[in-house]
J.: 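One structure is given below, represented as structure tokens, and several questions about it will come after.
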Amino acid sequence: VRRLGPLGRAALELAVWGVPVFPVFAPTGPGRCSCVSADCARPGKHPRVRRGVLEATRDPDQVREWWWRWPGASIGAATGSRFDVCDVDSEAGADAVRRLLAGEAAAGPMVRTGSGGWHLYVAPTGQGNRTGFLPGVDWRGRGGYVIVPPSAHAAGEVYRWVRPLTAERVPPAPAGLLAALAGPAAQRREPVRIAVEVTRYVQVAIDRECHMVAATPAPPAGGRNPAGRGRNDALNRAAFNLGQLVGAGLVDEQTVRGALDDAAGRCGLGVSEAARTIRSGMSAGIAHPRPTRAGGRR
Ligand SMILES: [Zn+2]
């Protein structure tokens, strides 16, 4: 019988509790990542599987297989189904949350992150991801994920439970937090009503865009031909289109970035050129969230 290490066992336990999980590249030292990229922008934070959080699963066999193959992989846990997570990055964020809660204790599971922040686990709210809904505070909801203990952080520490997650139901979000989430900024990113349908919609969109990038031919050898720009243009277009889905809160930025990276690699674009194109295309797309038939109006 093949044994699982501590990360594999923790991932399996989550899956059994109904939390969809997937493997994430682990940090290999301060600021370094187990991925092949020389200057990884998100060491220890990006998915090890191509579609990222969209491949998250509760299937114990799949989880075992992943962590047999990559025993050191960090654990990504999908948010939005068993729990949402209030992701507090800084002291300023912690202050903002304390003020909001005004004595109302957040009693649910809590993680001290490897970078000195906190993850507060609450019952799912139906919200998508929200970056900076309070200063220094992000929301990880539908379409998002968090890194869970005992994964390591590139800063050198490991994520650890302050109050553990158990098989029991996670308590609802404190009223103060819900109110902040429903604030004026929230109006721009409506909760999407049919999560399953959205996931499929996003998955189809990612596959389509990545296929188009991967299928764009390299320019003919020695050609000073406008086709030379073809692959970069295709990548930029795909990054913009998928960035619009990220902007609409339908999918996590890292998932899209991972899929685009992979597609760029398959059509032979250089790593740093591709990274630049993906970054700029996605930022433009995120700034123009796509209205979708499933909700997510601007
Ligand atoms: Zn990396």
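Sequence positions, counted from 1, serve as the residue numbers for this chain. Every number for a ligand or one of its atoms is a count from 1 in the order of the listing.
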J.: Do NZ/NE/NH1/NH2 and the carboxylate oxygens of D84 and R142 come within less than 4.0 Å?
T.: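 Here D84 does not pair with R142 in a salt bridge, since their nearest N and O are not under 4.0 Å apart.
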J.: Please, which pairs that meet ring-ring contact (aromatic ring centres under 6.0 Å, His included) have at least one residue in residues 158-177, sequence neighbours excluded?
T.: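 Residue pairs passing ring-ring contact (aromatic ring centres under 6.0 Å, His included), neighbours aside: Y121-W161, H153-Y159.
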J.: Between R140 and D138, does any side-chain N to carboxylate O distance fall below 4.0 Å?
T.: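 Yes, R140 and D138 are salt-bridged.
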J.: So, using side chain to side chain donor-acceptor pair (under 3.5 Å) as the criterion, who are the partners of T57 when residues are at least two apart?
T.: none
J.: From the Zn ion (ligand 1), how many protein N/O/S atoms are found at a distance short of 2.8 Å?
T.: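 Atoms of protein N, O or S type lying less than 2.8 Å from the Zn ion (ligand 1) total 4.
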J.: Residues two or more places apart in sequence or in another chain: which of them pass salt bridge (Lys or Arg N to Asp or Glu O under 4.0 Å) with R266?
T.: D262
J.: Assess whether a salt bridge exists between E253 and R257, defined as any Lys/Arg side-chain N lying under 4.0 Å from an Asp/Glu carboxylate O.
T.: yes
